[in-house]
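Heads up, the thing below is written out as structure tokens.
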Amino acid sequence: MMTMKDKIKEKALEEHIPIIMDDTLEVISNVLEENKPKRILEIGTAVGYSAICFSEYLAEGGTIDTIERDEDRIKEAKANIKSLNLEYKINIIEGDAVEILKKLQNKYDMVFIDAAKGKYPVFLKEAIRLLNDDGIIFADNILYKGYTLSGYNKHKQRTAVRGLREFLKLLKENDDFETKLIEVGDGLTISKRKPRLKA
Ligand code: SAH
Ligand code: MG
């Protein structure tokens with residue numbers, strides 16, 4: 001029998017909504033299972049599928065804030081979240097993440113970056129500012145079907161590729177963070193602060 005969650009996934013795939021891929025979800029779920037985050041921030045809700053999946057791994061009383069700017073997707077995400085009675089765990093913040101992130105102040109245990117690729121450097125900067133000391137940043141679609149690392153890109157992919165390359169460069173140059181790039185789905189990075197050396 002198909003669960004409500006399966007139905008949401010099926011419909012999103014039929015409508016070509018870029019929801020998280022199964023192997024990517026598995027990697028993230030394993031990390032969440034180990035860490036049991038209390039507060040998750042997601043950038044890019046779409047129809048709520050990934051947030052719904054992540055909500056299973058929250059610590060007792062934990063919540064997810066998830067940002068989306070597309071009105072139709074917000075409407076559908078709300079309906080999906082309601083149908084699973086998860087409104088008490090998942091809070092949609094409506095609007096452009098670039099603007100919304102600037103206003104957020106409370107820290108998160110995990111940030112999932114999964115929206116406009118050209119904005120990944122901006123999202124990263126805000127994610128670092130909003131991350132607890134032992135928090136984790138995940139970013140999806142880092143390899144962008146191989147375009148990120150290949151020499152040639154079509155014009156329409158250029159902004160995205162530039163954003164993704166800059167994102168990887170910023171992480172590489174950031175001595176506070178340790179980053180793993182994993183070849184699951186469309187490419188996933190997992191970044192953690194390095195333990196501070198005690199004097
Ligand atoms: N995380 C979802 C998939 C997100 S798809 C899942 O795995 O189920 C990316 C979403 O980000 C799209 O719905 C798009 O509308 C949204 N988005 C892209 N750029 C954005 C921005 N600057 N602010 C808010 N939402 C954005
Ligand atoms: Mg994605």
Side-chain angles (χ1 to χ4, degrees), residues 3-29 31-32 37 40-58 64-81 83-84 86 89-104 108 110-127 130 136-148 156-157 159-164 166-168 181-190:
T3 63
M4 193 65 216
K5 201 172 83 179
D6 293 337
K7 283 186 195 153
I8 293 168
K9 178 181 170 186
E10 200 98 323
K11 182 164 185 283
L13 291 173
E14 270 167 26
E15 292 173 4
H16 304 287
I17 294 168
I19 57 167
I20 192 166
M21 292 170 88
D22 289 340
D23 51 355
T24 309
L25 180 63
E26 196 183 322
V27 170
I28 297 180
S29 298
V31 179
L32 296 185
I40 296 178
L41 173 65
E42 174 177 76
I43 307 171
T45 316
V47 295
Y49 178 69
S50 52
I52 288 166
C53 294
F54 297 160
S55 71
E56 291 169 26
Y57 301 96
L58 286 167
I64 302 178
D65 288 335
T66 179
I67 309 173
E68 177 59 54
R69 67 177 173 193
D70 182 286
E71 280 179 27
D72 293 334
R73 289 192 178 166
I74 291 168
K75 218 180 274 173
E76 195 168 336
K78 281 184 179 167
N80 288 337
I81 290 162
S83 73
L84 287 158
L86 288 170
K89 282 188 181 178
I90 305 173
N91 167 44
I92 300 177
I93 307 177
E94 301 178 25
D96 191 321
V98 175
E99 296 309 314
I100 287 165
L101 286 166
K102 285 189 222 160
K103 295 177 196 146
L104 298 180
Y108 293 91
M110 169 199 159
V111 181
F112 180 50
I113 300 174
D114 193 22
K117 300 175 189 73
K119 295 280 156 48
Y120 271 36
V122 180
F123 297 156
L124 176 65
K125 193 177 143 239
E126 296 296 337
L130 290 166
I136 304 171
I137 299 171
F138 298 93
D140 193 21
N141 307 98
I142 289 302
L143 295 174
Y144 189 20
K145 304 171 189 160
Y147 301 137
T148 307
K156 80 181 204 359
Q157 298 147 358
T159 309
V161 165
R162 199 181 295 137
L164 293 169
E166 176 68 14
F167 174 91
L168 287 172
L181 200 171
I182 305 181
E183 283 183 60
V184 285
D186 198 22
L188 175 76
T189 52
I190 307 180

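The basis for the numbers below is simple: all heavy atoms, side chains too, and nothing from hydrogens, waters or symmetry mates. Ligands are counted one by one from 1 in listed order, and the atoms in each one are counted from 1 as well.
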## Note on the structure
Shell check on the Mg ion (ligand 2): protein N, O or S atoms less than 2.8 Å away are D114 OD1, D140 OD2, N141 OD1
## Note on the structure
Ranking G185, A115, G95 by closest non-hydrogen atom to atom 24 (C) of ligand 1, top hit is G95
### Query
Among protein heavy atoms, which lies nearest atom 12 (C) of ligand 1, and at what distance?
R73 NH1, 3.2 Å
### Query
Taking both backbone and side-chain atoms of F112, is any N or O found less than 3.5 Å from an N or O belonging to ligand 1?
no
### Task
Please examine the side chains of K145 and Q157, heavy atoms only from C-beta on, and report whether any two atoms are closer than 4.5 Å.
no
### Message
Between K119 and E126, does any NZ, NE, NH1 or NH2 come within less than 4.0 Å of an OD or OE carboxylate oxygen?
### Response
no
### Query
Does an N or O from D70, backbone or side chain, lie closer than 3.5 Å to an N or O of ligand 1?
no
### D140 to ligand 1, any heavy atom closer than 4.0 Å
no
### Task
With atom 5 (S) of ligand 1 as the reference point, say which of P18, G44, A12 has the nearest heavy atom.
P18
### Query
Using the ring of each side chain (for Trp, its six-membered ring), is Y144 parallel, tilted or perpendicular to Y147, with breaks at 30° and 60°?
perpendicular
### Query
Does any N or O in the side chain of T148 come within less than 3.5 Å of the main-chain N or O of V161, such that one atom is a donor and the other an acceptor?
no
### Task
Measure E68 to ligand 1 on non-hydrogen atoms and call it side chain, backbone, both or neither using the 4.0 Å cut-off.
both
### Query
Mind checking whether G48 has an N or O less than 3.5 Å away from an N or O of ligand 1?
no
#### Entry: Contact partition for K119 relative to ligand 1, non-hydrogen atoms under 4.0 Å
neither
### Query
Taking atom types as modelled and ignoring hydrogens, do the side chains of N80 and S83 form a donor-acceptor contact shorter than 3.5 angstrom?
no
### Shortest protein contact, atom 23 (N) of ligand 1 (heavy atom only)
A97 N, 2.8 Å
### Query
Of the backbone atoms (N, CA, C, O) and the side-chain heavy atoms from C-beta on, which set of I43 has a member under 4.0 Å from an atom of ligand 1: side chain, backbone, both, or neither?
neither
### Message
Please report whether ligand 1 has a polar contact with I20, defined as an N or O pair separated by less than 3.5 Å (distance criterion only).
### Response
yes
### Task
Please say whether more than 12 non-hydrogen atoms of neighbouring residues, nucleotides or ligands are located less than 6.0 Å from CD in E56.
yes
### Task
Compute the shortest N/O to N/O distance between A116 and ligand 1 and return yes if it is under 3.5 Å, no if not.
yes
